[in-house]
Amino acid sequence: MQPLARSFYLQGTLLAARALLGKTLVRRFDDGRIATGRIVETEAYTQDDPACHAFRGLTKSNKTMWGAPGHAYIHINYGLHYCLNAVTAPEGVAEAVLIRAIEPQENARLLWRNTFGEPPEEPTDDGAFDTLARADRRLTSGPGKLTRALKVDRAFDGTDLTSAAGALFFGDGDDDVPDAAVVTTTRIGITKGADFPWRFYVRASPFVSRR
DNA sequence: TAGACGATAGCCT
DNA sequence: GGCTATCGTCTAA
C-alpha cells in the first residue's frame with residue numbers, strides 16, 4: 001500500500017475531500033500490527049469558511065492546519081472526542097478535510113478491542129472476527145468513534161501522512177468511487193456555514209454516520 | 001480568570 | 001427525536 005503523495009493534498013480542499021472517499025486509512029500500532037479502513041465519509045473546511053477553526057486566525061491549537069499539507073490535524077471537541085483531519089492547503093493557508101467515517105478492513109478486531117476492551121471470546125480465526133467487526137457500525141461510523149478505535153489522539157497532531165513507515169497514513173488503493181455512488185450534502189453538527197454542501201459520503205456504505 | 005461554546009456520542013423516551 | 005455528560009480552548013475583562 002503506497003501512501004498518497006503530498007501533491008494529492010494540494011488539489012484543492014473540496015476536491016481532496018471527494019477524492020479521499022475509497023482511499024485507505026492505515027494505522028500502525030506500537031506493537032507493529034496494522035489496521036486499515038476504507039474512507040467512506042469526509043467533510044471539507046476552508047479558510048474563508050465560518051465553521052472552520054482557522055476562520056478567526058492562528059491559535060495555539062489550530063497551528064497545524066496552517067502548516068504544510070499532508071499532515072494530520074487533530075482537534076478535541078465537546079471536551080472528550082478527538083477528530084482526525086488531513087491538512088489540504090499550502091503552508092500559510094489553513095484548510096483541512098475531516099475524516100468522519102471508515103469501514104474497518106484489515107485487523108478489524110484490533111479496533112474492536114480498542115473500543116470495547118477485550119472481545120468476549122478470543123477469535124480463533126481472524127477472518128471470522130473481521131466479518132463480525134465489519135458488520136458492527138459502532139466501531140467507526142463517526143469522527144469521534146474512529147479515532148477511539150484507531151487510538152488516535154492529540155499526540156498525532158502534526159503527523160506526516162505521506163510516510164509509509166509512520167504510525168498513521170493514507171494509502172492509495174484501487175478503489176475509485178464513481179460520482180454516481182457519492183452523495184454530496186451539508187455538514188453535520190455545525191451552526192455557521194451550515195448550508196455549504198461540503199460533506200461527501202459513499203451512498204451504499206453502512207458506516208456513514210448519518211443520512 | 002470566569003464564562004460560553006462546541007466539526008459528538010450514547011442513552012432515554 | 002430529545003437530552004446531556006464533559007472539558008479544552010477562546011474571548012473578554
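What you see below is based on every heavy atom in this structure, not just the backbone, and it leaves out hydrogens, waters and symmetry mates. Chain letters run A, B, ... following the sequence lines, proteins first and then strands; every chain starts at 1. These figures come from a predicted structure and were not determined experimentally.
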Quiz item: In dot-bracket notation, what is the pairing pattern of DNA chain B, taking Watson-Crick (N1-N3 plus N6-O4 or O6-N4) and G-U wobble (N1-O2 and O6-N3) contacts under 3.5 Å, with [ ] crossing and | for other strands?
Solution: ||||||.|||||.

Practice problem: Mind calculating the distance between CG (Leu80(A)) and P (dC11(B)) to the nearest angstrom? | Solution: 13 Å

Quiz prompt | Residue whose nearest DNA chain B nucleotide is more 5′ - Gly79(A) or Arg138(A) | solution = Gly79(A)

Quiz item: Within the stacking criterion (centroid distance below 5.5 Å, interplanar angle below 30°), does Tyr78(A) stack on dA9(B)?
Solution: no

Practice problem: State whether Asp175(A) and Arg38(A) are salt-bridged, where the test is any N-O pair (Lys NZ or Arg NE/NH1/NH2 against Asp/Glu carboxylate O) under 4.0 Å. | Solution: yes

Quiz item: Under 3.5 Å, is there a donor-acceptor pair between the side chain of Asp157(A) and the main chain of Ile74(A)?
Solution: yes

Quiz prompt | Arg187(A) side chain vs Gly193(A) backbone, donor-acceptor pair below 3.5 Å | solution = yes

Quiz item: For His75(A) and dA7(B), do the ring centres fall under 5.5 Å apart while the planes stay under 30° apart?
Solution: no

Quiz item: Do the ring planes of Phe170(A) and Tyr9(A) sit parallel (below 30°), tilted (30 to 60°) or perpendicular (above 60°)?
Solution: tilted

Quiz item: Looking at DNA chain B, which of residues 142-152 of chain A put a heavy atom within less than 4.0 Å of it?
Solution: Gly142(A), Pro143(A), Gly144(A), Lys145(A), Arg148(A)

Practice problem: Give the ring-plane orientation class for His75(A) versus Tyr73(A), where under 30° counts as parallel, over 60° as perpendicular and anything between as tilted. | Solution: parallel

Practice problem: Anything under 4.0 Å to a heavy atom of chain A counts; send over the first and last such nucleotide of DNA chain C, read 5' to 3'. | Solution: dT6(C) to dT11(C)

Self-check item: Atom-to-atom span, CE of Met65(A) to P of dA7(B) - whole angstrom
Solution: 11 Å

